[in-house]
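The first residue in the sequence is number 1, and the count goes up from there. All values below come from the heavy atoms of this structure, side chains included, with hydrogens, waters and symmetry mates left out.
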Amino acid sequence: IRYHSIFRSRYTNPRKDKFLQSLEADIKQFRGDIMLDHFKFYEKSAAEYRNLYVGNIKKAKVVFSTYYDTPSKHIEAYEFFNIEARKRNKTKLIVVSSLLYLLIGLAMTWFIAMPIFQNYVTFSWQFIAMVIGIIVYFFFFGKLTQGLENRNNLVQNTSSILALLLAISTLKKNNRVAYAFLDAGCLNDGGLDRLKEETSAKIYHLDSIGSKQKLYLLSHADNVYHLISAQKVSETYQLTVDDLKTNELNENNMNQALAIIEKVSKEVSK
């Protein structure tokens with residue numbers, strides 16, 4: 001309920017901050033070795049991002065990670081490992097919705113605003129109401145051009161967050177094992193890149209494991225393994241929009257993910 005309902009959207013910085021506060025409070029019931037890492041993509045960038053680490057990522061032999069931010073609305077399948085496809089997917093919806101919004105605005109201007117401005121004095125309630133309406137219109141237009149936040153995020157990526165929380169709360173503490181909750185996973189994998197800079201450990205990165213699709217453990221470069229649930233389409237791995245909209249977790253995938261985390265944790269402790 002907490003992470004699928006109360007903190008279901010983690011698209012803006014204020015929402016991400018509230019989520020991190022709640023996440024830290026929950027983890028402190030089991031662990032006290034928590035660190036919040038602030039970073040920027042570029043030195044002069046105004047935007048700041050935050051990774052939350054549980055355990056010592058410098059000394060760990062393995063780190064289990066996932067991203068906690070949530071995506072904007074999109075109209076095409078989610079393609080794993082393809083940052084450019086994510087950008088195109090987001091841009092298409094922004095362009096289409098912005099054009100429709102502009103057409104609605106033009107129609108309102110022509111048929112409603114212009115007659116009011118021509119036939120009513122400046123301080124009439126009709127004139128003032130129309131000015132307020134225009135201000136509200138452009139406020140929402142600004143929001144639209146930045147992308148509308150998606151509010152149905154159980155699969156991407158609350159399911160993976162729940163899997164890591166379950167592991168933290170049920171598995172015995174191991175100094176060779178750490179956990180990481182990463183920022184910017186829906187943007188450009190900036191949080192994962194930051195983690196790779198901060199640790200030499202083997203990384204198991206979870207993404208959208210709770211869908212109805214098959215679970216895959218894929219080996220990539222830089223000592224990173226990706227645990228995902230997806231449809232394999234040609235040489236790509238994808239989740240359809242319907243897959244992402246589901247409100248039920250795949251319990252089999254969740255149990256398999258926890259079993260993999262437990263198995264790997266035991267292997268590095270030998």
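- The number of heavy-atom neighbours closer than 6.0 Å to NZ of K245, taken from other residues, nucleotides and ligands shown, is 12 or below.
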>> Quick one, H226 with Y216, criterion ring-ring contact (aromatic ring centres under 6.0 Å, His included). Give me CA distance, side-chain angles, the key distance, then yes/no.
In response: CA-CA 8 Å; H226 292 268; Y216 291 90; over 10 Å; no
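- N223 places no side-chain N or O within 3.5 Å of a backbone atom of I203 that could act as its donor or acceptor partner.
- The distance from atom CZ of R31 to atom OG of S169, rounded to the nearest 0.5 Å, is 11.0 Å.
- Using a 4.0 Å cut-off between a side-chain N of Lys or Arg and a carboxylate O of Asp or Glu, R15 and E149 qualify as a salt bridge.
- Contact of the F117 side chain with the M130 side chain is registered, since non-hydrogen atoms from C-beta on lie closer than 4.5 Å.
- Y67 and L162 fall into different hydrophobic clusters, defined by Ile, Leu, Val, Met, Phe, Trp and Tyr side-chain heavy atoms under 4.5 Å apart, directly or through other members.
- Here NZ of K263 is found 14.0 Å from CG of L258. Values are rounded to the nearest 0.5 Å.
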> Please walk me through it: do T236 and N82 pass side chain to side chain contact (heavy atoms under 4.5 Å, CB included)?
Replying inline: CA-CA 9 Å; T236 68; N82 192 334; over 6 Å; no
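- For the residue pair C186 and D69, the shortest heavy atom distance occurs at N-OD2, 2.9 Å.
- Within the 4.5 Å cutoff, no side-chain heavy atoms of L154 are placed close to those of T246.
- Screening residues 163-183 for salt bridge (Lys or Arg N to Asp or Glu O under 4.0 Å) gives K16-D183, D33-K173 as the qualifying pairs, with residues at least two apart or on separate chains.
- Counting non-hydrogen atoms of neighbouring residues, nucleotides and ligands closer than 6.0 angstrom, the CG atom of L99 exceeds 12 such neighbours.
- Take I83 and apply the side chain to side chain contact (heavy atoms under 4.5 Å, CB included) test, not counting sequence neighbours, and it matches R86, K87, N188, D189.
- Across all non-hydrogen atoms, the minimal contact from S65 to L192 is OG-CD1, 4.3 Å.
- Heavy atoms from other residues, nucleotides or ligands lying under 6.0 Å from CZ of F140 number 12 at most.
- Counting heavy atoms from C-beta on, the side chains of E24 and L52 come closer than 4.5 Å.
- Judged by distance alone, the side chain of T109 and the main-chain N or O of G105 form a donor-acceptor pair under 3.5 Å.
- Across every non-hydrogen atom of S72 and Y11, the tightest pair is CB-OH, 3.5 Å.
- When side chains are defined from C-beta on, K212 counts as touching D243, because their heavy atoms get closer than 4.5 Å.
- A distance of 4.0 Å separates CG in D26 from CZ in R2, rounded to the nearest 0.5 Å.
- Listed here is the closest heavy atom pair of I261 and A163: CD1-O, 4.5 Å.
- If you chain together hydrophobic residues whose side chains sit under 4.5 Å apart, L106 and I116 never meet in one group.
- Residues Q156 and L239 have side chains not in contact (no heavy-atom distance under 4.5 Å, counting atoms from C-beta outward).
- With hydrophobic clusters built from ILVMFWY side chains whose heavy atoms lie under 4.5 angstrom apart, V241 does not share a cluster with V96.
- A donor-acceptor pair is defined here as one N or O able to donate and one able to accept, closer than 3.5 Å; no such pair exists between the side chain of Y237 and the backbone of I228.
- Formation of a donor-acceptor pair under 3.5 Å by the N150 side chain with backbone atoms of P71 is not found in this model.
- Within 6.0 Å of CZ in F138 there are 12 or fewer heavy atoms belonging to other residues, nucleotides or ligands.
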>> One pair to check against side chain to side chain contact (heavy atoms under 4.5 Å, CB included): K61 and V177. What are the steps and the verdict?
In response: CA-CA 6 Å; K61 297 297 182 182; V177 177; over 6 Å; no
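- Scanning all heavy atoms of the two residues, the minimum distance from E79 to A85 falls at OE1-CB, 4.2 Å.
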>> The test is ring-ring contact (aromatic ring centres under 6.0 Å, His included); show your working for Y225 and Y204 and say whether it passes.
In response: CA-CA 5 Å; Y225 295 82; Y204 284 78; 5.1 Å; yes
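- The structure places OG of S200 at 12.5 Å from NZ of K59, a figure rounded to the nearest 0.5 Å.
- Nearest approach of R151 to S9, heavy atoms of both residues: NH1-CB, 3.9 Å.
- Taken to the nearest 0.5 Å, the CD1 atom of I209 stands 4.5 Å off from the OG atom of S160.
- Side-chain contact between N152 and H4 is present, with heavy atoms from C-beta onward closer than 4.5 Å.
- Screening residues 248-260 for side-chain hydrogen bond (donor to acceptor under 3.5 Å, both in side chains), with sequence neighbours left out, gives no hits.
- In this structure, S265 OG and N174 CG are separated by 6.5 Å, a value rounded to the nearest 0.5 Å.
- Classification of R50 and D37 as a salt-bridged pair fails, no side-chain N sitting under 4.0 Å from a carboxylate O.
- For the residue pair D207/Y78, the side-chain donor-acceptor check at 3.5 Å is satisfied.
- Hydrophobic clustering of Ile, Leu, Val, Met, Phe, Trp and Tyr side chains at less than 4.5 Å, counting indirect connections, keeps L187 apart from F181.
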>> What verdict does the side-chain hydrogen bond (donor to acceptor under 3.5 Å, both in side chains) test give for Q213 and S211, after you've listed the backbone C-alpha separation in whole Å, the side-chain angles of each residue and the deciding distance to 0.1 Å?
In response: CA-CA 5 Å; Q213 302 301 332; S211 86; 5.7 Å; no
>> Go through it in stages, so that I can follow the logic: the residues are L182 and L195, the test is side chain to side chain contact (heavy atoms under 4.5 Å, CB included), and I'd like the CA-CA distance, side-chain angles, deciding distance and then a yes or no.
In response: CA-CA 8 Å; L182 310 176; L195 176 62; 4.2 Å; yes
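- In this structure, R10 satisfies the cation-pi test against F19, with its NZ or CZ atom closer than 6.0 Å to the six-membered ring centre and inside 45 degrees of the ring normal.
- Judged by distance alone, with hydrogens and angles left aside, the side-chain atoms of T66 form a donor-acceptor pair with the main-chain N or O of L206 at under 3.5 Å.
- A donor-acceptor contact shorter than 3.5 Å links the side chain of S269 to the backbone of K266.
- Linking ILVMFWY side-chain heavy atoms closer than 4.5 Å, directly or via other members, places Y179 and L166 in two distinct hydrophobic clusters.
- Side chain of S124 to main chain of Y120: no donor-acceptor pair is present (N/O by atom type, distance under 3.5 Å, no hydrogens or angles).
- At least one side-chain heavy atom of L215 sits under 4.5 Å from a side-chain heavy atom of L227.
- Between K196 and D222, at least one side-chain nitrogen of the basic residue sits less than 4.0 Å from a carboxylate oxygen of the acidic one, meeting the salt-bridge criterion.
- At a threshold of 4.5 Å between non-hydrogen side-chain atoms, the residues K58 and E198 count as touching.
- S229 places a side-chain N or O within donor-acceptor distance of the main-chain N or O of S208, the cut-off being under 3.5 Å.
- One side chain, N51 or Y53, offers a donor N or O that lies under 3.5 Å from an acceptor on the other.
- No donor-acceptor contact under 3.5 angstrom links the side chains of R8 and T158, judged on distance only.
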> side chain to side chain contact (heavy atoms under 4.5 Å, CB included) between K18 and F7: does it pass, once the steps are laid out?
Replying inline: CA-CA 8 Å; K18 289 180 180 178; F7 299 110; 3.9 Å; yes
